[in-house]
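Take a look at the structure below.
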Amino acid sequence: MPGSAKAMAACTVGGLVATTAYTVALGSSGWLWFAWVVLALVTVGVVAARPS
């Protein structure tokens, strides 16, 4: 996995942890989860589009 894809994956995992922590501490936020899903889909796209 190239460096940019690794960075995207790390940000996605970090975002999941932050979103989960926010949900546990303050309650669910639909927009926050929506943003995380978009980030995850972009990450999947970056990983899938990398040259073989």
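Heavy-atom basis, side chains included; hydrogens, waters and symmetry copies ignored.
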Tell me the closest heavy-atom pair linking A5 and V47, and the distance in Å.
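Shortest heavy-atom contact: CB-CG2, 4.2 Å.
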I'd like a table of donor-acceptor pairs (distance under 3.5 Å, sequence neighbours excluded) in which one partner is a side-chain atom from residues 10-22, with atom names and distances.
from : atom 1 : to  : atom 2 : distance (Å)
T12  : OG1    : M8  : O      : 2.8
T12  : OG1    : T43 : OG1    : 2.6
T19  : OG1    : G15 : O      : 2.7
T20  : OG1    : L16 : O      : 2.8

Among V38, V37, L32, which one satisfies side chain to side chain contact (heavy atoms under 4.5 Å, CB included) with F34?
V38
Holding to side-chain hydrogen bond (donor to acceptor under 3.5 Å, both in side chains), I want the full list of residues that pass it with W33, two or more places apart in sequence or in another chain.
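side-chain hydrogen bond (donor to acceptor under 3.5 Å, both in side chains) list for W33, sorted by chain: T23.
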